[in-house]
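The next block holds one structure in the form of structure tokens; read it before the comments.
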Protein chains: 2
Amino acid sequence: MRPPLSAAIVIADAAALADEAGFEKVTLSAVARRLGVQAPSLYSHVRDLKALRDGMTALALGELADLVAAAIAGRSGLDALRAYAAVYRAYAQESPGRWQSLQRRAGEAVVRSDAARNMSTQAGAVLRGYPVPQDEHVHAVRLLGSTINGFLGLERTGNFDHSSPAPDVSWDRTVVALDALLRAWPAHSGTDSS
Amino acid sequence: MRPPLSAAIVIADAAALADEAGFEKVTLSAVARRLGVQAPSLYSHVRDLKALRDGMTALALGELADLVAAAIAGRSGLDALRAYAAVYRAYAQESPGRWQSLQRRAGEAVVRSDAARNMSTQAGAVLRGYPVPQDEHVHAVRLLGSTINGFLGLERTGNFDHSSPAPDVSWDRTVVALDALLRAWPAHSGTDSS
DNA sequence: GGTTTTCGCCTACATGCTGTAGGGTGGGTT
DNA sequence: AACCCACCCTACAGCATGTAGGCGAAAACC
């Protein structure tokens, strides 16, 4: 009758549920209900809950890596940075559950995946337009990721809800500030003035 | 015999458990076991699991606000910024469960608490040593929080584990970079080159 | 001093989720 | 036609949340 289930289908459905109800609401029972199947049936496709979550993380990682790749292709400098940041924010807003699935310690397999490797590479690519010395790239990449992810996290937890103006304005300032920072990357003991 | 339980004791014990085993492992059953009591007994002190978590968040918020207050008192500029950032990082490292309790959407009561209000005020105080115009303070505070919290989040989820050098080095660069950024806060349409 | 109230923890239970064991059925193969 | 196996099923054990109601001991009251 119905086409048989597969790991991919289960994980995709779990991701959809996460986006609708929040990552923490993703339960094997709930996914089974959505798929019109009994809960134990899912264990043939997914080892356990941890594996399901890892699958969602891997899925999100792959999607995001593709989006980032498309966004920064052919751009550089502030242009690339804007596109890079915009993709993250859009993803966090449009797929909040998937985005949440990235904010956790994932299994080894996920960490070593191509998508995960790509993500760091892409962050490095954004830096190409900036005068950050090669041996400082790690730090710049970490700073970039920290600020972008941190902003999205605070926004999601409602940290900005009780002060004006809307987060969008701060987001723009933040991206511009990061651009300025990267263009004048400080030397070890302070800043150099040009 | 034993002194009777109280909400404060239950919450404190839950916080201790969170630090030992992770925030997501905090369960009313587990806390009851630690306290040598049956699980339903806790419901006289804590309305439900959500209330317990909110209590932990409020506790952490209060502790952190006090630590920050002590750290930035009498300091300014980079000195204050360093102390401010250091308190956050130390707290995240020494009380990981409590820190995790801050990375969630808390109930209204917690959000409106004095401690929560203090935290924004304190972030603003750090900016006093920098030439950030008053109407830009919100953005700077948000940026500061984003970067600091984001770094700690990425560090905790193991994002930095598979690249060298150790996060400590990046942390230092990050704080220095934030200092540089605040000292040369970019104007709205770009940066001014001094 | 004895009675009564109250407080704090208890047992019992309903409900929901995870994960295991093992059964049955239908579609494809030979 | 008989077989097999992929796929989903039922049954169950274990642990979590949260409700209802009981019991005992200490405090309060006459």
Side-chain angles (χ1 to χ4, degrees), chain A residues 1-59 97-98 100-101 104-110, chain B residues 1-59 97-98 100-101 104-110:
Chain A
M1 324 236 119
R2 207 176 29 214
L5 258 41
S6 70
I9 293 176
V10 173
I11 290 169
D13 199 83
L17 173 58
D19 287 341
E20 292 166 19
F23 182 77
E24 69 288 343
K25 290 273 170 50
V26 173
T27 207
L28 279 164
S29 307
V31 173
R33 264 192 301 276
R34 287 169 57 97
L35 291 171
V37 146
Q38 297 299 318
S41 303
L42 297 185
Y43 286 86
S44 353
H45 306 289
V46 157
R47 189 152 35 114
D48 56 10
L49 184 58
K50 200 160 73 60
L52 177 65
R53 299 215 251 240
D54 275 4
M56 293 171 61
T57 302
L59 173 66
R98 288 161 151 93
Q100 273 184 88
S101 80
R104 52 185 286 276
R105 194 177 284 272
E108 276 300 306
V110 176
Chain B
M1 322 244 115
R2 206 178 28 217
L5 258 42
S6 69
I9 293 177
V10 174
I11 289 168
D13 200 83
L17 172 58
D19 287 341
E20 292 167 20
F23 182 77
E24 69 289 342
K25 289 273 170 48
V26 173
T27 208
L28 279 165
S29 307
V31 172
R33 265 193 299 274
R34 286 169 59 97
L35 291 170
V37 146
Q38 297 299 316
S41 304
L42 298 184
Y43 287 87
S44 354
H45 305 289
V46 157
R47 190 153 33 109
D48 56 9
L49 184 58
K50 197 160 74 62
L52 176 64
R53 299 215 250 241
D54 275 4
M56 294 172 59
T57 303
L59 173 67
R98 288 159 150 93
Q100 271 185 88
S101 80
R104 54 184 284 277
R105 187 168 230 114
E108 274 302 305
V110 176

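Chain A is the first sequence line, chain B the second, and so forth, proteins listed ahead of strands; every chain is numbered from 1. Because the structure is a prediction, the values reported are computed rather than measured.
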Which of these nucleotides, dT17(D), dG19(C), dC9(D), is closest to any side-chain atom of Val37(A)? dC9(D)
Let's see if you can work this out: which of dC10(C), dC7(D), dA16(D) has an atom nearest to the side-chain heavy atoms of Arg33(B)? dA16(D)
Without decimals, in angstroms, what is the distance between Lys25(B) NZ and dA16(D) P? 11 Å
So, does Thr27(A) use its side chain to make a donor-acceptor pair with the main chain of Ala30(A) at under 3.5 Å? no
As a test of reading the structure: which of dA12(C), dT18(C), dT17(D) is closest to the side chain of Pro40(B), going by heavy atoms? dA12(C)
Check the phosphate of dA6(D) against Ser44(A), side-chain N and O only, distance under 4.0 Å to OP1 or OP2. Yes or no? no
Do Leu52(B) and Leu42(B) have side chains that approach each other closer than 4.5 Å (heavy atoms only, starting at C-beta)? no
Can you tell me how far P of dG19(C) sits from NZ of Lys50(A), to the nearest Å? 10 Å
To the nearest angstrom, the CG-P distance between Leu42(A) and dC8(D) comes to 9 Å
Can you figure out which of dC7(D), dG19(C), dC10(C) approaches the side chain of Pro4(A) most closely? dC7(D)
Using whole Å, report how far CG of Leu5(A) lies from P of dC7(D). 10 Å
Pick base, sugar-phosphate or nothing for Thr27(A), based on heavy-atom distances below 4.0 Å to the nucleic acid. sugar-phosphate
Candidates dC9(D), dT18(C), dT11(C) - which lies nearest the side chain of Gln38(B): dT11(C)
Ile9(A) atom CD1 is separated from dC7(D) atom C1', nearest whole Å, by 13 Å
Tell me whether the side-chain N/O atoms of Ser41(A) come closer than 4.0 Å to OP1 or OP2 in dC7(D). no
Check for a donor-acceptor pair, side chain of Asp19(B) on one end and backbone N or O of Gly97(B) on the other, with a separation under 3.5 Å. yes
Grab the OH-C1' distance between Tyr43(A) and dT20(C) for me, whole Å please. 9 Å
Would you kindly give the CG-to-P distance between Leu28(B) and dC9(C), to the nearest whole Å? 14 Å
Indicate yes or no: does Asp13(A) engage Arg33(A) in a salt bridge with an N to O separation below 4.0 Å. no
Of the options dG18(D), dA16(D), dT18(C), whose atoms approach the side-chain atoms of Ser29(A) most closely? dT18(C)
Starting from P on dG18(D), measure out to CZ on Arg47(B) and report it in whole angstrom. 10 Å
Can you find a side chain N or O atom of His45(A) that sits less than 4.0 Å from OP1 or OP2 on dC7(D)? no
Heavy atoms from other residues, nucleotides or ligands near CZ of Arg34(B) exceed 12 (cutoff 6.0 Å): yes
